[in-house]
2 protein chains.
Amino acid sequence: MSNGTGPYVCGIDAGMDVVGGKWKALILWALDHEGTLRFGQLKRQVPGVSEKMLIQQLRELEADGIVHREVYREVPPRVEYSLTEMGEGLNEALGPLGAWATRHMDQILAAKHRDVA
Amino acid sequence: MSNGTGPYVCGIDAGMDVVGGKWKALILWALDHEGTLRFGQLKRQVPGVSEKMLIQQLRELEADGIVHREVYREVPPRVEYSLTEMGEGLNEALGPLGAWATRHMDQILAAKHRDVA
DNA sequence: CGGTATCCACTAAGATACTG
DNA sequence: CAGTATCTTAGTGGATACCG
């Protein structure tokens with residue numbers, strides 16, 4: 001996801017690299033609003049995601065220190081995902097972006113329809 | 001870049017869709033710091049980008065109302081790119097994300113090295 | 001329940017060559 | 001100078017089937 005020319009040019013570049021996956025924003029948002037979630041619950045909160053993608057994105061977020069994965073060795077198995085402190089900070093940092101997009105939602109949607117047509 | 005399940009689930013989702021291209025953050029950053037730039041100047045400010053990708057990302061940003069493209073019909077041709085008001089707003093909204101990433105840069109870089117290895 | 005593994009389609013991205 | 005056109009490759013994402 002980076003440009004490969006060594007370290008990042010700016011913080012935004014690095015930030016986009018962390019949160020830039022197709023489903024990551026949605027995962028972050030779900031964990032922020034619902035708190036700790038099991039795998040199955042999380043899947044329901046992110047409609048349309050496949051198990052493969054959900055796992056993949058969760059593993060990347062975990063590697064980046066954004067989400068915490070807690071395994072309970074029970075029958076049936078239970079795994080819970082939650083935001084770390086760093087993840088909560090990331091969510092706060094994304095707040096203004098969300099607000100901006102909400103403010104300009106009509107234009108964003110209009111542009112999107114145009115390139116579909 | 002969206003999940004295709006209709007409108008966006010949240011603003012962050014929509015925002016990521018606008019700024020989520022591989023080079024868009026860098027383009028935004030360059031235009032914000034340098035002001036109006038010609039195509040060639042912009043290319044030098046975004047090291048490693050191909051002309052094809054630069055054009056493509058610029059066209060998408062233009063369609064989203066983020067950058068303004070001004071063509072001067074001269075010889076040799078001159079085209080200048082600048083941020084719109086909406087684009088400047090987007091840049092401000094990305095500020096906290098950049099700050100967050102800068103704050104956690106070491107962990108981000110560490111995670112990145114780990115999955116290279 | 002919470003994953004893995006495999007295969008396949010699609011798109012994003014890069015290299016190169018050419019044009020108004 | 002500022003693109004366009006074409007081809008090729010790498011990576012992303014989805015469907016399906018199976019496992020502890």
Side-chain angles (χ1 to χ4, degrees), chain A residues 1-6 13 16-27 30-31 34 36-64 67-82 112 115-116, chain B residues 1-5 9 13 16-27 30-31 34 36-64 67-82 112 115-116:
Chain A
M1 218 82 73
S2 92
N3 60 23
T5 57
D13 192 11
M16 291 302 306
D17 204 16
V18 172
V19 80
K22 188 174 183 178
W23 304 97
K24 288 184 184 176
L26 265 16
I27 293 171
L31 288 176
E34 310 286 329
T36 298
L37 290 175
R38 300 182 57 169
F39 182 80
Q41 296 175 313
L42 195 46
K43 189 182 166 186
R44 278 185 287 281
Q45 290 293 327
V46 184
V49 72
S50 67
E51 293 185 348
K52 173 188 159 187
M53 287 311 301
L54 185 52
I55 282 289
Q56 187 178 302
Q57 305 272 297
L58 280 169
R59 291 280 143 92
E60 291 180 19
L61 290 170
E62 193 190 353
D64 281 329
V67 309
H68 174 69
R69 179 170 180 269
E70 187 74 43
V71 182
Y72 300 88
R73 299 197 105 278
E74 311 169 345
V75 180
R78 181 159 61 104
V79 180
E80 291 186 343
Y81 293 91
S82 55
K112 178 159 282 301
D115 64 51
V116 168
Chain B
M1 218 82 70
S2 93
N3 58 24
T5 57
V9 177
D13 192 10
M16 292 301 306
D17 204 15
V18 172
V19 81
K22 186 175 185 180
W23 304 97
K24 288 183 184 175
L26 264 15
I27 293 171
L31 287 177
E34 310 285 329
T36 299
L37 289 175
R38 301 182 57 168
F39 182 81
Q41 297 176 312
L42 196 46
K43 189 182 165 186
R44 277 184 287 281
Q45 292 292 326
V46 184
V49 72
S50 68
E51 294 186 346
K52 174 190 158 185
M53 287 311 300
L54 184 53
I55 283 288
Q56 187 179 303
Q57 305 272 298
L58 280 169
R59 291 280 142 91
E60 290 181 20
L61 290 170
E62 194 191 351
D64 281 330
V67 308
H68 173 68
R69 178 171 180 269
E70 187 73 41
V71 182
Y72 299 88
R73 298 197 105 278
E74 308 170 347
V75 180
R78 183 158 61 105
V79 180
E80 292 186 342
Y81 293 90
S82 54
K112 178 159 283 298
D115 65 50
V116 168

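Chain letters run A, B, ... following the sequence lines, proteins first, then strands; residues in each count from 1. Side chains are part of it too, since the values below use all heavy atoms of this structure and drop only hydrogens, waters and symmetry mates.
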(message) Can you list, in residue-number order, the parts of residues 69-77 of chain A that come under 4.0 Å of DNA chain C, counting heavy atoms only?
(response) A:R69, A:P76, A:P77
(message) Taking 4.0 Å as the cut-off, does a side-chain nitrogen or oxygen of A:R38 come that near to OP1 or OP2 on C:dG2?
(response) yes
(message) Show every side chain to side chain donor-acceptor pair (under 3.5 Å) that has at least one partner inside residues 38-55 of chain A, sequence neighbours left out.
(response) A:K43-A:E51
(request) Could you pull out the closest heavy-atom pair between A:L37 and A:A30, with the gap in Å? (result) CD1-O, 4.2 Å
(request) Would you please confirm or rule out a distance under 4.0 Å between OP1 or OP2 of C:dT4 and any side-chain N or O of A:R59? (result) yes
(message) Using five pairs at each end of the helix from C:dC1-D:dG20 to C:dG20-D:dC1 to define an axis, what is the angle between those two axes, to 10°?
(response) 50°
(request) Specify the separation, in whole Å, of atom CD1 of B:I55 and atom C1' of C:dG20. (result) 14 Å
(message) Can you tell me if A:K43 touches the phosphate of C:dG2, counting only side-chain N or O atoms and a distance under 4.0 Å to OP1 or OP2?
(response) no
(message) Holding to salt bridge (Lys or Arg N to Asp or Glu O under 4.0 Å), I want the full list of residues that pass it with B:E70, two or more places apart in sequence or in another chain.
(response) none
(message) Using heavy-atom distances to pick each residue's nearest nucleotide on DNA chain C, tell me which of B:Q57 and B:E51 is more 5'.
(response) B:Q57
(request) List for me each residue that meets side chain to side chain donor-acceptor pair (under 3.5 Å) alongside B:R78, sequence neighbours excluded, and say none if there are none. (result) B:E74, B:E80
(message) Does D:dC1 have its OP1 or OP2 closer than 4.0 Å to a side-chain nitrogen or oxygen of B:Y81?
(response) no
(message) Just to verify, what does B:E34 make a salt bridge (Lys or Arg N to Asp or Glu O under 4.0 Å) with, not counting sequence neighbours?
(response) none
(request) Would you name the heavy atoms of A:L58 and A:V67 that are closest together and state the gap between them? (result) O-CG2, 3.8 Å
(request) Assess whether one donor atom and one acceptor atom, taken from the side chain of A:K52 and the base of C:dG3, lie less than 3.5 Å apart. (result) no
(message) Rounded to whole Å, how long is the line connecting atom CE of B:M53 with atom P of C:dT16?
(response) 17 Å
(message) What is the separation between atom CG on A:L58 and atom P on C:dC1, rounded to the nearest whole Å?
(response) 17 Å
